[in-house]
Amino acid sequence: MAQEAELDLVKIAPNAKPPVVKIIDYGKFRYEQSRKEKEARKKQKTVEIKEVRLSPNIDTNDLNTKVNAARKFISKGDKVKVSLRFRGREMAHVQNSRHILDDFAESLADIAVVEKAPKMEGRSMTMVMGQKR
């Protein structure tokens, strides 16, 4: 029947019992499939992770500037990785600096939620914040 109609016999559901086949133009079928995949990719939102770096001896005004930058990233729909970097002798006072990340999270509590709690990773303490649902 497919040869008479000068079309192709295409397996639509090869795993079904019995397999489902259609008599269609295969080139047109592939084109429409690629269009559907492209449309699905267009609707997908890729979440980027932006990073905000802080230091243990940061001043309140500098912290507010970083908070505003993070607020801008979160409002755009990105996640924010906040890292507190320790250099040299600062490593001796890691436990005293945790409050900086807590203050940062508290100041963004209205629009963001902490997705990954503050944790030491090498010479930096990091946490990840995302948009509140």
Non-hydrogen atoms of [X] and [Y] that approach each other most closely:
| X | Y | answer |
| --- | --- | --- |
| Gly77 | Val47 | O-CG1, 4.1 Å |
| Glu51 | Ser83 | OE2-OG, 2.8 Å |
| Ser97 | Pro56 | OG-CB, 3.6 Å |
| Arg85 | Glu90 | O-OE1, 3.7 Å |

So that I can tick it off, tell me whether [Y] and [X] are bridged by a salt bridge, with the cut-off set at under 4.0 angstrom between side-chain N and carboxylate O.
| X | Y | result |
| --- | --- | --- |
| Lys116 | Glu121 | yes |
| Lys79 | Glu48 | no |
| Arg71 | Asp110 | yes |

- Donor-acceptor contact below 3.5 Å, side chain Arg41 vs main chain Lys36: no
- Between Asp78 and Ile49, is there a donor-acceptor pair closer than 3.5 Å when you use the side chain of the first and the backbone of the second? no
If you measure from [atom1] on [X] to [atom2] on [Y], what distance do you get to the nearest 0.5 Å?
| X | Y | atom1 | atom2 | result |
| --- | --- | --- | --- | --- |
| Lys50 | Lys72 | NZ | NZ | 9.0 Å |
| Arg35 | Glu39 | CZ | CD | 7.0 Å |
| Phe29 | Asp8 | CZ | CG | 11.0 Å |
| Lys81 | Glu115 | NZ | CD | 13.5 Å |

- Apart from Phe73 itself, its cluster of hydrophobic side chains linked below 4.5 Å comprises Val52, Leu54, Ile58, Leu63, Val67, Ile74, Val80, Val82, Leu84, Phe86, Met91, Val94, Ile100, Leu101, Phe104, Leu108, Ile111, Val114, Met120, Met125, Met127, Met129
- Query: Around Gln95, counting heavy atoms of other residues, nucleotides and ligands shown, do more than 12 lie under 6.0 Å from its CD?
  - Reply: yes
- Item | Tyr31-Leu9 co-clustered via ILVMFWY side chain contacts under 4.5 Å | no
- Got Ile24 and Leu7 here, is their nearest side-chain heavy-atom distance under 4.5 Å? no
